[in-house]
Participant: 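My structure is below; once you've seen it, I'll send some questions.
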Amino acid sequence: MQFKKWIAELEKLFADVIFVALSLSLLQFSFSLSWLLIGLKTVLPTMASGDDSPIFEDDESPPYSLEKMTDLVAVWDVALSDGVHKIEFEHGTTSGKRVVYVDGKEEIRKEWMFKLVGKETFCVGASKMKATINIDAVSGFAYEYTLEINGKSLKKYMENRSKTTNTWVLHLDGEDFRVVLEKDTMDVWCNGKKMETAGEFVDDGTETHFSIGNHDCYIKAVSSGKRKEGIIHTLIVDNREIPELPE
């Protein structure tokens, strides 16, 4: 009787061990299956939508071309002396990705950022003007993007710039030209190039001479006679006055 009782207890213990082993295997199988389903859920929509991915080896197009930007959140046009520059900003609000393009050229790329707010600083134009994009949270998952140029908001910078520069746009020999005068330095820019100039004093003011191709140009500076208006600058090309670009 003692032996049979011992055998019964041993059989019960063995059955419990098998039950536990089967339970653990089933749990492990369920866990693996869950991860497999999550992976399929992520991959299948990507394959169906045709999104760019390293698995498509026959895709010869550049992986980060402007046409494929999916996280583009802001675009600014910034008028500097050497031309109008386009700044584009990508911000992935889930991954924290930050990408800055200046005139289509990638200047900054950060793929993973745990901090979704902050700032990115870079340079713009031939004069290497300092530019900063500020990323601020508004509410929930909404963000606000502001651009600063040389430490000032874009609006404030452009207001100040309108007081320190003159801009003219003209058409010569089938080509458009953008001429900019920096009044504080008297530097002259044309289509992004700093021009060689020669200053001359005349009876009623000064003339700053330069050439565009075979065309003789000069910017004449005369006093307005009014304190608020200050000096008036006029562009003359081939003895013809060019109207200033309105602000």
Participant: Under 4.0 Å between a side-chain nitrogen and a carboxylate oxygen: does that hold for E111 and R109?
Facilitator: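 Looking at R109 together with E111, the answer is yes, because their closest N to O distance falls below 4.0 Å.
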Participant: According to salt bridge (Lys or Arg N to Asp or Glu O under 4.0 Å), does anything in residues 204-221 pair up with another residue at least two apart or in another chain? List the pairs.
Facilitator: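 Salt bridge (Lys or Arg N to Asp or Glu O under 4.0 Å) check on residues 204-221 returns D204-K220.
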Participant: With sequence neighbours excluded, what pairs up with S223 under the side-chain contact (heavy atoms from CB on, under 4.5 Å) test?
Facilitator: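 Only I231 meet the side-chain contact (heavy atoms from CB on, under 4.5 Å) criterion with S223.
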Participant: Return the CG to OG1 distance between L181 and T164, rounded to the nearest 0.5 Å.
Facilitator: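 L181 atom CG to T164 atom OG1 measures 9.5 Å (nearest 0.5 Å).
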Participant: Extract all donor-acceptor atom pairs below 3.5 Å that involve side chains of residues 167-177 and protein atoms in other chains or at least two apart in sequence.
Facilitator:
unit_1, atom_1, unit_2, atom_2, d
H171, ND1, D176, OD1, 2.7
D173, OD1, H215, NE2, 3.4
D173, OD2, H215, NE2, 2.8

Participant: What distance do K130 atom NZ and C123 atom SG have between them, rounded to the nearest 0.5 Å?
Facilitator: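 It comes to 9.0 Å.
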Participant: Show your reasoning for whether side chain to side chain contact (heavy atoms under 4.5 Å, CB included) applies to I133 and I87.
Facilitator: CA-CA 10 Å; I133 296 175; I87 299 174; 4.3 Å; yes
Participant: How about V179 and I242: do any of their side-chain heavy atoms sit closer than 4.5 Å?
Facilitator: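 They are not in side-chain contact.
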Participant: With sequence neighbours left out, which residue pairs that include part of residues 93-102 fulfil the salt bridge (Lys or Arg N to Asp or Glu O under 4.0 Å) condition?
Facilitator: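 Output for this query lists D71-K97, E90-K97, R98-E120.
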Participant: Within this structure, what is the CG-NZ distance for the pair N166 and K183, rounded to the nearest 0.5 Å?
Facilitator: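 Reported to 0.5 Å precision, the distance equals 4.5 Å.
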Participant: With sequence neighbours excluded, tell me which residues meet side chain to side chain donor-acceptor pair (under 3.5 Å) with R178.
Facilitator: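 None.
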Participant: Do V102 and I108 land in one hydrophobic cluster if side-chain heavy atoms of ILVMFWY residues count as linked below 4.5 Å?
Facilitator: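 Yes.
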Participant: Determine the minimum heavy-atom distance between G92 and L116, stating which atoms define it.
Facilitator: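 So the two residues come closest at O-CD2, 4.1 Å.
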Participant: Among residues at least two apart in sequence or on other chains, which ones pass side-chain contact (heavy atoms from CB on, under 4.5 Å) with T206?
Facilitator: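 Residues passing side-chain contact (heavy atoms from CB on, under 4.5 Å) with T206: F201, A221.
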Participant: Linking directly or through intermediates, with side-chain heavy atoms under 4.5 Å: list the remaining ILVMFWY members grouped with F114, chain and number order.
Facilitator: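 Members besides F114: none; it forms no cluster.
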Participant: Do V99 and V124 sit in one hydrophobic cluster, given that two such residues count as connected whenever their side-chain heavy atoms are within less than 4.5 Å of each other, even indirectly?
Facilitator: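 Not linked; separate clusters.
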Participant: I'd like to check the side-chain contact (heavy atoms from CB on, under 4.5 Å) partners of I232; sequence neighbours left out, ordered by chain and number.
Facilitator: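 Partners of I232 under the side-chain contact (heavy atoms from CB on, under 4.5 Å) test: V222, S224, E229, T234.
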Participant: Please assess V117 against K115 for the test side chain to side chain contact (heavy atoms under 4.5 Å, CB included), listing each intermediate value before the final yes or no.
Facilitator: CA-CA 6 Å; V117 297; K115 189 177 181 181; 3.9 Å; yes
Participant: Are F89 and M113 linked, directly or through other ILVMFWY residues, by side chains that come within less than 4.5 angstrom of each other?
Facilitator: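 No, F89 does not connect to M113 through the hydrophobic network.
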Participant: Under a single-linkage rule joining Ile, Leu, Val, Met, Phe, Trp and Tyr whose side-chain heavy atoms are separated by less than 4.5 Å, which residues share a cluster with I236?
Facilitator: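 Direct or chained contacts put I236 with Y218.
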Participant: Other residues, nucleotides and ligands only: do more than 12 of their heavy atoms fall within 6.0 Å of CG on D184?
Facilitator: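 Yes, the 6.0 Å shell around CG holds more than 12 heavy atoms from other groups.
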Participant: Measuring from Y101:OH to E88:CD, what's the distance to the nearest 0.5 Å?
Facilitator: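 One finds 8.0 Å between OH of Y101 and CD of E88.
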Participant: Drop me the distance from K128's NZ to L80's CG, to the nearest 0.5 angstrom.
Facilitator: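 These two atoms lie 12.0 Å from each other.
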Participant: List the atom pairs, with distances to 0.1 Å, where a side-chain N or O of residues 134-154 and a protein N or O form a donor-acceptor pair under 3.5 Å, not counting sequence neighbours.
Facilitator:
unit_1, atom_1, unit_2, atom_2, d
N134, ND2, E148, OE2, 3.2
Y145, OH, H91, ND1, 2.7
S153, OG, K156, N, 3.2

Participant: Would V180 end up clustered with I212 when hydrophobic side chains under 4.5 Å apart are linked, directly or stepwise?
Facilitator: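 No, it is not one cluster - the side chains of V180 and I212 are not joined through contacts under 4.5 Å.
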Participant: Any chance you could measure S81, atom OG, to R161, atom CZ, to the nearest 0.5 Å?
Facilitator: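 With rounding to 0.5 Å, OG (S81) is 3.5 Å from CZ (R161).
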Participant: Sequence neighbours left out, what passes side chain to side chain donor-acceptor pair (under 3.5 Å) with T185? Give chain and number order.
Facilitator: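 Side chain to side chain donor-acceptor pair (under 3.5 Å) list for T185, sorted by chain: E182, D187.
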Participant: Could you check whether any side-chain heavy atom of V84 comes within less than 4.5 Å of a side-chain heavy atom of V78, counting everything from C-beta outward?
Facilitator: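 Side-chain contact under 4.5 Å: no.
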Participant: Does T132 have any side chain to side chain donor-acceptor pair (under 3.5 Å) partners at least two apart in sequence or in another chain, and if so, which?
Facilitator: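 Here the qualifying residues are T121.
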Participant: Would M186 end up clustered with L235 when hydrophobic side chains under 4.5 Å apart are linked, directly or stepwise?
Facilitator: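 Shared cluster, yes.
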